[in-house]
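Take a look at the structure below.
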Protein chains: 2
Amino acid sequence: MDRRTRQRLAIVEAIEKASGPVMPQEILRVAAANVASMNLSTVYRTLSRMVAEGVIVPVQLPGEPVRYERREAADTHHHHFRCTSCDSVYDLAGCVAGLKSLLPRGFKMIRHDITLYGTCRKCGA
Amino acid sequence: MDRRTRQRLAIVEAIEKASGPVMPQEILRVAAANVASMNLSTVYRTLSRMVAEGVIVPVQLPGEPVRYERREAADTHHHHFRCTSCDSVYDLAGCVAGLKSLLPRGFKMIRHDITLYGTCRKCGA
DNA sequence: CTAGTTGCAAAGCATTTGCCTGTGG
DNA sequence: CCACAGGCAAATGCTTTGCAACTAG
């Protein structure tokens, strides 16, 4: 990100303000509040760069468009929770043991993804 | 599936022959070998019906197009392994304990997805 | 100044849909 | 016969890209 443009600052701010992983559309919506001319292409291009720079990481949940979150949050191994009521995605600290026992012989595990679905605190009331 | 058409039979066969979850494109490729006029729209429409009828279930892996597998295979709780070398997807029997311990207080888990990545036996050699 | 950026429109993919023709029962 | 199916092309929704105009440094 060579230049500090209004657009980039607004996009970075939108991601940092978010409480969890956010989608490009959501970033556009928030960033457009500060920079009227904000464009979806700019959001996508900026996100690609930030991923390449390691500032943010893509969060892929099964069957949904990509979301992004700060790399800082991703430095500690974690997984995600998706509220089936409000569609928000939350980070979950920690992991589980025993994943390797699921592997058939001859298979080697390099990484894994876990997604939990259900209702978050807000929606569970 | 009211009618037994050549197309439907070929699509069903393609899914049953598969060694794991398969993508629509792959189904088209295999089914087209038997029915020359086979069309992607037909594949998609037939898959939708089969899902509605409960004959097959969609398998969603993070960041990839849907795959489908026989419901029979899905009746026993299982997860998936994706080979990062050949891109094949395999079913994994069993599950792990302790997922609920990842939940923050106030969150309720209804279901979960686990995807393991690495190299399969064929590619690991 | 001027290379890096942006906005806009067009292009890509995967998937869906409309519509008219074909066919299984 | 004729309602259900299929083929084809156009429409979607998300994401990427080409290109000319713009601007940060």
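Order of the sequence lines sets the chain letters (A, B, ...), proteins ahead of strands, with each chain counted from 1.
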Legend entry - Closest listed nucleotide, where the reference is the side chain of Pro24(B) and the choices are dT15(C), dG6(D), dT6(C):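 Closest of the options to the side chain of Pro24(B): dT15(C).
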So does [X] get a side-chain nitrogen or oxygen closer than 4.0 Å to the phosphate oxygens (OP1/OP2) of [N]?
X	N	result
Gln25(A)	dG13(D)	no
Thr42(A)	dG7(C)	yes
Asn39(A)	dC8(C)	yes

Inset, instruction - If a protein heavy atom is under 4.0 Å from the base, mark B; if only from the sugar-phosphate, S; if neither, -; do that for nucleotides 16-25 of chain D going 5' to 3'. - result: BBB----BBS
Inset, instruction - Determine, for Arg49(B) against Glu53(B), whether the closest basic-nitrogen to carboxylate-oxygen distance falls under 4.0 angstrom. - result: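 No salt bridge links Arg49(B) with Glu53(B).
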Legend entry - Nearest-Å distance for atom pair CZ/C1', residues Arg8(A) and dT5(C): 6 Å
Legend entry - Any donor-acceptor N/O pair, His78(A) side chain to Asp91(A) backbone, under 3.5 Å: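 Not a single qualifying donor-acceptor pair exists.
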Inset, instruction - Verify, without hydrogens or angle tests, whether Thr46(B) (side chain) and Thr42(B) (backbone) share a donor-acceptor contact under 3.5 angstrom. - result: yes
Inset, instruction - Find the distance between CZ (Arg71(B)) and CE (Met50(B)) and round it off to the nearest 0.5 Å. - result: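 Those atoms lie 13.0 Å apart.
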Legend entry - Distance, nearest 0.5 Å, that separates CG of Asn39(B) from CZ of Arg45(B):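 It is 7.5 Å, given to the nearest 0.5 Å.
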Inset, instruction - Identify whether any heavy atom of Met38(A) sits under 4.0 Å from a base atom; if not, whether one sits that close to sugar-phosphate; answer base, sugar-phosphate or nothing. - result: sugar-phosphate
Inset, instruction - Can you label the angle between the Phe107(A) ring and the Tyr90(B) ring as parallel, tilted or perpendicular, going by 30° and 60°? - result: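 Ring orientation, 0 to 90° scale: perpendicular.
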Legend entry - DNA chain C contacts among residues 26-37 of chain B, heavy-atom distance under 4.0 Å: none
Legend entry - Single-linkage hydrophobic cluster, 4.5 Å side-chain cutoff, Val12(B) and Leu28(B) together: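 They do share one cluster, since a chain of ILVMFWY contacts under 4.5 Å joins Val12(B) to Leu28(B).
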Legend entry - Those residues that, when tested against Ser48(B), pass side-chain contact (heavy atoms from CB on, under 4.5 Å) (two or more places apart): none
